[in-house]
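This chain uses plain numbering: 1 for the first residue, then up along the sequence. Worth saying up front: this structure is predicted, and the values here are computed from it rather than measured.
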Amino acid sequence: MTAQTVHSSDARPSSLPRTQNAVAAALPPADRMEFYREMGEADETELLSTLRRWWMRAAHLYADPLPEETRAAVEAGLAPGRSASAVLREATAAREAEGR
């Protein structure tokens, strides 16, 4: 019989290596600079927790859930559905029509 934890902070497996270079490469530029700043200011007792926190952000928050063919359809404007800008325009027009 095996035991597993009930609550895991790393519930989704990630292929992102837990290295500074891999984490930095996965982050958007603005976050990458903050990551480097925090890693540079961390002492030896904080390094691993800082790297883990940023790894979780990079692996889970910025992970790309779309398959390549779906991404290509969205980028080409061929995906089903309506754009967010169209929905927002309609919502704004409806609010204005209500007199808000």
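- Residues Q20 and M39 approach most closely at NE2-CE, 2.7 Å, considering heavy atoms.
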Show your reasoning for whether side-chain contact (heavy atoms from CB on, under 4.5 Å) applies to T50 and F35. CA-CA 8 Å; T50 302; F35 167 72; 5.6 Å; no

Quick one, W55 with H60, criterion side-chain contact (heavy atoms from CB on, under 4.5 Å). Give me CA distance, side-chain angles, the key distance, then yes/no. CA-CA 8 Å; W55 175 84; H60 300 294; 4.2 Å; yes

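- With sequence neighbours left out, E44 forms a salt bridge (charged side-chain N to carboxylate O under 4.0 Å, His left out) with no residue at all.
- Atom CD of E90 and atom CZ of R95 lie 12.0 Å apart (nearest 0.5 Å).
- Listed by chain and number, the residues in a side-chain hydrogen bond (donor to acceptor under 3.5 Å, both in side chains) with E34 are R37 (sequence neighbours excluded).
- With sequence neighbours excluded, the residues forming a side-chain hydrogen bond (donor to acceptor under 3.5 Å, both in side chains) with D43 are T45, listed by chain and number.
- Closest approach of A59 to L16, counting heavy atoms only: N-CD2, 3.8 Å.
- By the criterion of side-chain heavy atoms lying less than 4.5 angstrom apart, applied directly or through intervening Ile, Leu, Val, Met, Phe, Trp or Tyr residues, Y36 is grouped together with L61 in one hydrophobic cluster.
- In this view, P28 and D31, Y62 satisfy the side chain to side chain contact (heavy atoms under 4.5 Å, CB included) rule, not counting sequence neighbours.
- With sequence neighbours excluded, the residues that form a side-chain hydrogen bond (donor to acceptor under 3.5 Å, both in side chains) with S85 are S83.
- With W54 as the aromatic partner, R57 meets the cation-pi criteria of under 6.0 angstrom to the ring centre and within 45 degrees of the ring axis.
- Heavy-atom contacts from other residues, nucleotides or ligands closer than 6.0 Å to CG of L48 number 12 or fewer.
- A continuous path of Ile, Leu, Val, Met, Phe, Trp and Tyr side chains, each step under 4.5 Å between heavy atoms, connects L51 with L47, placing both in one hydrophobic cluster.
- In this structure R53 satisfies the salt bridge (charged side-chain N to carboxylate O under 4.0 Å, His left out) test together with E38, sequence neighbours excluded.
- Summarising the geometry of P17 relative to V23, their closest heavy-atom pair is O-CG2, 4.3 Å, with the distance given to 0.1 Å.
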